[in-house]
There are 2 protein chains.
Amino acid sequence: MAVDQRRSPTASERKRDPERTRARILEAAAAEFGAKGYAATRTTDIAARAGVNKQLISYYFGGKEGLYKELATSWHTTAAEMAHEAQPLDVVLASFVATTLTDQGRLWAWSNLAGDTPPTDEAFLRTQVDQLRARQAAGELPADLDPGLLLLALMAAASAPLTLRHTASQITGEDPATPEFAQKYAEQLSLLVRHLSGRT
Amino acid sequence: MAVDQRRSPTASERKRDPERTRARILEAAAAEFGAKGYAATRTTDIAARAGVNKQLISYYFGGKEGLYKELATSWHTTAAEMAHEAQPLDVVLASFVATTLTDQGRLWAWSNLAGDTPPTDEAFLRTQVDQLRARQAAGELPADLDPGLLLLALMAAASAPLTLRHTASQITGEDPATPEFAQKYAEQLSLLVRHLSGRT
DNA sequence: GATTAAGTCAACCCGTTGGTTGAAAACAAC
DNA sequence: GTTGTTTTCAACCAACGGGTTGACTTAATC
């Protein structure tokens with residue numbers, strides 16, 4: 001660091017940019033919280049990762065907890081755009097699996113276990129359940145399954161590389177936190193769902 | 001260590017019983033660790049729950065970490081007896097779901113996320129994969145699925161009430177940590193698996 | 001050039017936490 | 001009663017972690 005450049009102050013290259021540092025802190029926090037969970041992360045580590053002084057996190061977010069809450073709410077927007085349009089089940093599942101690789105995803109998993117924050121957007125869940133029901137009505141999925149519990153099972157299965165990170169690695173011998181694994185796993189899931197519908 | 005061969009008063013009525021207090025501490029620790037995860041649990045809380053003085057956990061286990069490790073290894077025996085005999089897939093899944101309700105199960109979920117300890121017994125996993133492969137050969141399951149990834153998906157789905165505790169509650173409006181929920185959910189899962197085999 | 005905002009630095013405060021110590025009590029066995 | 005083990009109690013310690021303070025730099029704005 002300490003790159004000294006005197007240029008015209010185009011906003012993208014500013015030396016002093018509160019928005020940017022805020023974003024950096026948030027990013028670093030997501031990584032740290034996602035890796036170790038709330039209780040085990042140290043604000044010092046967050047600051048270090050963001051390449052920023054530790055007191056800036058108090059300055060911008062009012063402390064560790066404020067930072068966490070800010071992050072917690074942010075994924076609702078992620079969920080919102082994810083459910084924005086009805087898509088084939090393959091795609092939805094692939095999206096689920098994809099979030100597995102993100103810091104946000106890891107954070108979501110932690111908060112789901114800890115139960116500290118409502119982890120998932122309610123509207124998002126309702127939408128998904130409705131879509132599953134529709135697929136049942138269309139004969140794409142067995143009609144005797146409870147759509148809510150089915151959604152739960154599918155979400156859990158999709159986030160296996162995250163929630164069962166260690167076990168996944170034990171079973172496959174690979175690192176489940178790679179794009180390659182995610183893709184392969186997503187394919188298997190859509191294959192599985194296709195078998196559910198009866199279509200071979 | 002310190003094997004007590006004296007056989008006089010019924011151990012259940014003893015006022016002083018090192019074995020019993022050890023067990024109590026372990027039990028309390030499983031509950032606390034399972035509820036909040038390692039980093040967030042306080043040794044004081046463990047001692048309080050066990051109804052025991054706090055320095056006894058140092059006395060018997062050499063501190064918080066020793067206690068945790070002792071617990072971590074203990075579930076391998078649980079897994080071992082779970083895989084002891086080949087059973088129908090329904091039953092295996094139901095067993096998975098059942099562990100969801102136990103403190104051991106919660107602890108397993110935490111350690112899986114934190115990645116601190118090899119969470120699952122390797123032999124257990126191998127056995128399960130082999131059994132899935134056998135079921136595929138028997139036509140009970142689609143043959144084009146990778147048995148390892150299938151096991152992963154099934155385990156993840158089965159432990160949804162645990163790993164997606166909060167989300168499960170959001171979807172169903174119920175508390176997923178009840179025997180009733182576990183039973184209902186297990187039924188749905190076996191129904192789902194039955195659909196996989198093609199049998200309606 | 002002066003002012004203001006953005007950010008750094010080092011030291012410090014203070015509550016918490018895991019762990020320890022050195023008693024003494026309660027109990028069991030002899 | 002004596003002895004040895006189990007357990008409690010109260011106080012204490014050192015380390016840590018989150019947060020704060022105040023003085024000091026550096027950049028953008030006017």
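Throughout, a chain's letter reflects where its sequence line sits, starting with A, and its residues are numbered from 1. For clarity, every value in this text was computed on a predicted model and none was experimentally measured.
- With sequence neighbours excluded, no residue forms a side chain to side chain donor-acceptor pair (under 3.5 Å) with Gln87(B).
- Legend: residues meeting salt bridge (charged side-chain N to carboxylate O under 4.0 Å, His left out) with Asp45(A), ordered by chain and number and at least two apart, are Lys36(A).
- Taking every side-chain heavy atom of Asn53(B) into account, dT8(D) is the closest of dT8(D), dC9(C), dG18(C).
- Rounded to 10°, the angle separating the first-five-pair axis and the last-five-pair axis of the helix from dG1(C)-dC30(D) to dC30(C)-dG1(D) equals 10°.
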Tell me which donor-acceptor pairs under 3.5 Å the side chains of residues 155-165 of chain B have, and how far apart each pair is, sequence neighbours excluded?
from      : atom 1 : to        : atom 2 : distance (Å)
Ser159(B) : OG     : Met155(B) : O      : 2.7
Ser159(B) : OG     : Ala156(B) : O      : 3.3
Thr163(B) : OG1    : Ser159(B) : O      : 3.2

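- Near DNA chain D, defined here as any heavy-atom distance below 4.0 Å, there are no residues from residues 38-48 of chain B.
- Residue contacts for Gly51(B): at a heavy-atom cut-off of 4.0 Å it reaches the sugar-phosphate backbone alone, with no base atom in range.
- The pair Glu174(B)-Lys184(B) counts as a salt bridge, with a side-chain nitrogen and a carboxylate oxygen less than 4.0 angstrom apart.
- For Tyr60(B), the side-chain atoms get nearest to dT7(D) when compared with the rest of dT20(D), dT7(D), dA6(C).
- Here Lys69(B) pairs with Glu65(B) in a salt bridge; the nearest charged N to carboxylate O distance falls below 4.0 Å.
- Residue pairs meeting the ring-ring contact (aromatic ring centres under 6.0 Å, His included) criterion with at least one partner in residues 125-144 of chain A, sequence neighbours excluded, are absent.
- Of the two residues near DNA chain D, Gly63(A) and Val52(B), the one whose nearest nucleotide lies more 5' is Val52(B).
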